[in-house]
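Data block below; observations after.
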Amino acid sequence: MKQTTIGRNSGLDTLRALAIVLVFMNHYMIFVSSQPTFGWMSEIGWTGVDLFFALSGYLIGNQILSGIRKEQTGTGRFSLARFYARRLLRTVPNFYFVLALYALWPYWRGASVLPPLWKFLTFTQNIFLSPGTAFSHAWSLCVEEQFYFLLPALALLIAMLRKSLVWAWLAVGSALLGGMAIRSYLWTSIGDVADGSYHYYTLIYYASWCRFDELVCGVALALLKNYHAAAWSRITAYGNWTLAAGVALLALTWHLLLEDHYGYAMTVYGYPMLGLSFSLLLVAALSSGSLLQRWRVPGAASIALWSYAIYLTHKQLCVLLRAPLQAQGWDAESWQAIFILSAASILAGWLLYLLVETPFMKLRDRYVPSNYAPQPSSSQSHQTATV
């Protein structure tokens, strides 16, 4: 299974692989073993989604802001239509294929109730989502898609304003403060959430308006890179220091979340703390010569490449395989079950990547190769100028 690694950043691949491993360990605890099979990593593994948010925020934010930057300097013409087309060709095929499994194959969804299809088709399934429903983990994709449908239009609008850079940073700060204010209000309105109640997940954890902190932090990095080149160069010159700072802050944040995940303080401030922690790790991954960028973890590039497909398929696959493994005498916490379910998750993700994602990515590369509208030829430009 040879993988194309040209142009890939090994540090970003390591972070993306870490994100899916964290999510797998958390889902294994919740849906398979009902025990913290991987210790405290199982309990904190839900933050892998937040790491995905930070990664996506930077990567997609960089596409948008670099496109706007080129348009401002006259070196390119950013196209919203092309951006949306590329985004949808990247995310929708895998998503709709797995959704079809839930909708058309009763065995796949088991006893779980599938929410109305229109909520998935419109990426609104996360709004007032009931925990425990079929394909519930698609909530994170809905948050991302909603964010990225709004971000380009908002960025273009801000770019049209006088002192647009000031307005851009005000928008970043306002988004983070707004998220904290909303979570504060909702937490105090819910009442008893000490054990992570149904309402906590429905109104706070899954809600778009409460979960954009890490996405905004990733976009802030892209803003810094594209519009503050000198500051970006200085920061990325100290990649190992930002790596150490990111690890230290993440360790503190994880500790506080393990102690009081559902408390007021971590509900309000925990998500921006995760956003800052992961942003520091992203800077380290993007810093030339840093340990995170230079250290190539064996297998991380492949896991990173398949991570989206693994995310969509692994949870239900593990749930369905649990009973047959138990019938063989392999309890969910046995090394045999852990190995088989891990390998099956990787295999299913690879197959989805190979058979569904890859063909559509080839179509994207052929018909929508970039986010930029085609530049008129020199003869066309001359004709236009003379009209």
Side-chain angles (χ1 to χ4, degrees), residues 46-47 49-58 60-62 64-65 68 126-128 139-140 142-190 193 199-228 231-232 235 242 245-246 249-250 252-254 256-257 260-283:
W46 59 269
T47 61
V49 170
D50 298 84
L51 179 50
F52 274 128
F53 282 168
L55 280 159
S56 185
Y58 166 74
I60 302 299
N62 188 53
I64 295 168
L65 294 174
I68 293 174
N126 70 304
I127 298 175
F128 303 121
W139 73 270
S140 62
C142 294
V143 171
E144 287 195 23
E145 293 304 296
Q146 293 164 27
F147 188 81
Y148 294 125
F149 270 97
L150 294 173
L151 179 62
L154 178 61
L156 287 169
L157 178 62
I158 291 176
M160 294 170 61
L161 301 175
R162 293 183 59 188
K163 298 184 178 179
S164 58
L165 196 54
V166 174
W167 284 107
W169 284 110
L170 283 174
V172 168
S174 298
L176 294 174
L177 291 173
M180 289 187 280
I182 293 170
R183 289 192 297 273
S184 175
Y185 171 77
L186 290 173
W187 191 94
T188 54
S189 301
I190 291 172
V193 295
H199 293 294
Y200 182 93
Y201 279 93
T202 298
L203 298 179
I204 296 177
Y205 187 80
Y206 296 134
S208 308
W209 43 86
C210 293
R211 295 308 315 274
F212 45 64
D213 299 75
E214 293 81 3
L215 289 159
V216 171
C217 286
V219 172
L221 281 186
L223 185 62
L224 184 67
K225 177 184 177 182
N226 285 280
Y227 287 90
H228 301 277
W232 180 257
I235 293 171
T242 55
L249 182 57
L250 182 59
L252 173 63
T253 305
W254 276 353
L256 294 174
L257 286 168
D260 193 19
H261 178 187
Y262 304 108
Y264 176 83
M266 295 314 292
T267 297
V268 176
Y269 306 111
Y271 298 110
M273 289 177 68
L274 285 173
L276 179 57
S277 302
F278 292 141
S279 293
L280 290 170
L281 296 182
L282 282 170
V283 171

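All values derive from a computational prediction rather than experimental measurement.
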Do [X] and [Y] come within less than 4.5 Å of each other through their side chains, counting heavy atoms only?
X	Y	value
Leu274	Phe53	no
Asn126	Gln146	yes
Leu65	Lys225	no
Leu55	Leu51	yes
Asp213	Arg183	yes
Leu203	Phe128	yes
Ile235	Leu224	yes
Phe52	Phe278	no

ask   = Run the side-chain contact (heavy atoms from CB on, under 4.5 Å) check on Tyr58 and Val283 step by step: do they pass?
value = CA-CA 10 Å; Tyr58 166 74; Val283 171; over 6 Å; no
key: Inter-residue atom distance Thr47.OG1 - Leu250.CG, 0.5 Å rounding   = 6.5 Å
request  = Supply the atom-to-atom distance Thr267 OG1 to Asp260 CG, rounded to the nearest 0.5 angstrom.
outcome  = 7.5 Å
Residue among Tyr262, Tyr206, Trp139 satisfying side chain to side chain donor-acceptor pair (under 3.5 Å) with Tyr201 = Tyr262
inquiry  = Quick one: does any side-chain atom of Ser279 pair with a main-chain N or O of Gly275 as donor and acceptor, under 3.5 Å?
reply    = yes
Donor-acceptor contact present, side-chain Ser277 to main-chain Met273, <3.5 Å = yes
ask   = Parallel, tilted or perpendicular: which fits the ring planes of Tyr271 and Tyr205, with parallel below 30° and perpendicular above 60°?
value = tilted
message = Below 30° counts as parallel, above 60° as perpendicular, anything between as tilted: where do the rings of His261 and Tyr200 land?
response = perpendicular
inquiry  = On a heavy-atom basis, which atom in Ile158 and which in Ala171 lie closest, and how many Å separate them?
reply    = CD1-CB, 3.9 Å
query = Which heavy-atom pair separates Glu214 from Asp50 by the least distance, and what is that distance?
reply = OE2-OD2, 2.8 Å
Within 6.0 angstrom of Trp167 CH2, more than 12 heavy atoms from elsewhere = no
message = So for atom OH, which belongs to Tyr269, do other residues, nucleotides or ligands contribute more than 12 heavy atoms lying within a distance under 6.0 Å?
response = no
query = Going by distance alone, is a donor N or O of one side chain under 3.5 Å from an acceptor N or O of the other, for Tyr264 and Ser184?
reply = yes
Residues 215-223 side chain polar contacts: donor-acceptor under 3.5 Å, at least two apart:
none

Scan the side chains in residues 147-157 for donor-acceptor partners under 3.5 Å anywhere in the protein, sequence neighbours excluded, and list what turns up.
from: Tyr148; atom 1: OH; to: Ser56; atom 2: O; distance (Å): 2.8
from: Tyr148; atom 1: OH; to: Ser56; atom 2: OG; distance (Å): 3.0
from: Tyr148; atom 1: OH; to: Gly57; atom 2: N; distance (Å): 2.9

